[in-house]
Amino acid sequence: MPAGAVIEFHNISKRFGGVAAVNDLSFTVEPGRVTGFLGPNGAGKTTSLRILLGLVAASSGTATFGGVRYRDLPHPLAMVGAALEAASFHPGRSARDHLAVYTIAAGLPRTRVLEVLTQVGLAAHAAQRVGGYSLGMRQRLGLAYALLGDPGVLVLDEPINGLDPEGIRWIRGFLRDMAAEGRTVLVSSHLLSEVQQSVDDVVIIARGQLVHLGPLSSLDTDAAPQTIVDSPDRDALAAALTAAGITFSIGRTGLLAATPDPGLLGHLAFTAGVELSVLHRQKAGLEDSFLALVGGGHSL
Ligand SMILES: Nc1ncnc2c1ncn2[C@@H]1O[C@H](COP(=O)(O)OP(=O)(O)OP(=O)(O)O)[C@@H](O)[C@H]1O
């Protein structure tokens with residue numbers, strides 16, 4: 001089984017003229033887990049991944065696989081599989097021919113071609129010209145290329161873009177399987193909801209900078225500003241809230257009080273002699289937390 005390696009971004013910065021595309025970015029990605037690399041369009045994800053793969057030089061900092069830069073890896077295809085752009089295949093050539101060229105160049109057995117095309121569900125289209133492929137099929141072909149060397153690390157830029165619902169279901173399982181085999185899986189997306197069901201960890205960037213890092217569950221914040229509270233005597237409850245200076249609006253399941261602290265409302269109701277029928281914090285969804293972190297004004 002291929003061993004995953006730790007990916008490390010260490011103080012990576014990249015400027016394009018006056019634009020700071022990536023700004024002092026540091027994080028690590030662990031083997032055996034799927035890590036979502038998230039951020040709105042223009043946040044710097046593609047630039048970071050291109051730096052990691054040695055396609056763009058960083059202005060400063062280092063990005064490595066197991067401590068080694070991509071260009072210094074002895075057998076890059078066998079260690080790192082990357083799929084950055086879905087559309088870069090020559091339209092006149094078949095998937096099989098495309099991959100055959102790479103196997104020859106990398107000294108891999110020709111049998112890998114059909115193996116990886118089967119793995120990504122493209123075996124039946126192996127002889128078809130790529131020009132006739134849908135975006136989803138090109139995405140799968142990109143993955144097939146990434147898998148050629150049976151690498152321990154996968155770096156995938158927006159692999160879910162363009163997939164139909166069946167394709168999305170498939171790739172979620174695929175990412176999980178890859179990580180379960182011990183591989184390191186780094187997958188970028190501008191939509192948390194796209195990868196939410198597949199990722200263990202998230203690295204979130206905005207405007208080139210790290211804004212959040214941790215397990216997916218770390219996004220499930222308790223920072224929701226509202227608590228839902230209700231009473232058989234709603235008027236009395238409303239009066240008690242008003243007297244305590246707590247603003248509220250009337251929601252579907254009760255009063256939405258502007259406090260994150262149910263205990264405070266429980267105490268208030270108790271001292272006012274108001275019976276409560278509902279009392280719970282309104283949980284912010286993961287997507288809400290994500291949007292709050294990246295500054296919801298961006299196009300997502
Ligand atoms: N070659 C380049 N020359 C000049 N500016 C660039 C270049 N590549 C990226 N940028 C700028 O760097 C910033 C980050 O872009 P990048 O493509 O890395 O973001 P992203 O998070 O991958 O977004 P997207 O999902 O839209 O690709 C953007 O402001 C972009 O316009």
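Sequence positions, counted from 1, serve as the residue numbers for this chain. Atoms within each ligand, like the ligands themselves, are counted from 1 in listed order. Every value quoted in this text rests on a predicted model; they were computed, and no experiment measured them.
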Asker: Regarding Thr64 and His10, do their side chains bring together a donor and an acceptor under 3.5 Å, going by distance alone?
Answerer: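 Thr64 vs His10: no donor-acceptor pair found between side chains.
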
Asker: To which protein heavy atom is atom 8 (N) of ligand 1 closest, and what is the distance rounded to 0.1 Å?
Answerer: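 Protein heavy atom with the smallest distance to atom 8 (N) of ligand 1: Phe16 CE1, 3.4 Å.
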
Asker: Can you find an N/O atom of Ser48 closer than 3.5 Å to an N/O atom of ligand 1?
Answerer: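 Not met; the criterion fails.
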
Asker: Atom 29 (O) of ligand 1: which protein heavy atom is closest, and how many Å away?
Answerer: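 Heavy-atom neighbour on the protein nearest atom 29 (O) of ligand 1: Val19 CG1, 3.9 Å.
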
Asker: Looking at Pro262, is its backbone amide N or carbonyl O close enough to the side chain of Arg281 to form a donor-acceptor pair, meaning the two atoms are under 3.5 Å apart?
Answerer: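 Checking the backbone N and O of Pro262 against the side chain of Arg281, no donor-acceptor pair under 3.5 Å is found.
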
Asker: What protein heavy atom lies closest to atom 18 (O) of ligand 1? Include the residue and the distance to one decimal.
Answerer: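 Going atom by atom, the protein heavy atom closest to atom 18 (O) of ligand 1 ends up being Thr47 OG1, 2.6 Å.
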
Asker: Gly44 heavy atoms, cut-off 4.0 Å: which ligand 1 atoms fall inside?
Answerer: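 Taking each heavy atom of Gly44 in turn, ligand 1 has 14 (C), 16 (P), 18 (O), 19 (O), 20 (P), 21 (O) under 4.0 Å.
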
Asker: Look only at interatomic distance and state if Ala21 has a nitrogen or oxygen under 3.5 Å from any nitrogen or oxygen of ligand 1.
Answerer: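 No - when backbone and side-chain N and O of Ala21 are compared with those of ligand 1, no distance drops under 3.5 Å.
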
Asker: Do we see a donor-acceptor contact under 3.5 Å between the side chains of Asp230 and Ser277?
Answerer: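 No pair is found: no donor N or O on one side chain lies under 3.5 Å from an acceptor on the other.
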
Asker: Could you list the atoms of ligand 1 found under 4.0 angstrom from a heavy atom of Lys45?
Answerer: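 Listed by number with element: 18 (O), 19 (O), 20 (P), 21 (O), 22 (O), 23 (O), 25 (O).
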
Asker: What protein heavy atom sits nearest atom 27 (O) of ligand 1, and how far away is it?
Answerer: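 That would be Thr46 OG1, 3.4 Å.
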
Asker: Going by the closest heavy atom to atom 28 (C) of ligand 1, which one wins out of Pro40, Gly17, Gly42?
Answerer: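 When every heavy atom of Pro40, Gly17, Gly42 is considered, Gly42 comes closest to atom 28 (C) of ligand 1.
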
Asker: Under 4.0 Å from atom 12 (O) of ligand 1, do we find at least one protein heavy atom?
Answerer: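 Given the 4.0 Å limit, the answer for atom 12 (O) of ligand 1 is yes, a protein heavy atom qualifies.
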
Asker: Hey, are the side chains of Val203 and Lys45 touching, using non-hydrogen atoms and a 4.5 Å cut-off?
Answerer: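 A side-chain contact under 4.5 Å is absent here.
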
Asker: Is the shortest side-chain N to carboxylate O distance from Asp97 to Arg129 below 4.0 Å?
Answerer: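 So Asp97 does not pair with Arg129 through a salt bridge.
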
Asker: Check this for me: does any side-chain nitrogen of one of Arg169 and Glu166 sit under 4.0 Å from a carboxylate oxygen of the other?
Answerer: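 No salt bridge links Arg169 with Glu166.
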
Asker: As an exercise, state the distance from OG of Ser189 to CG of Leu38, rounded to the nearest 0.5 Å.
Answerer: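 Result: 6.0 Å between the selected atoms.
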
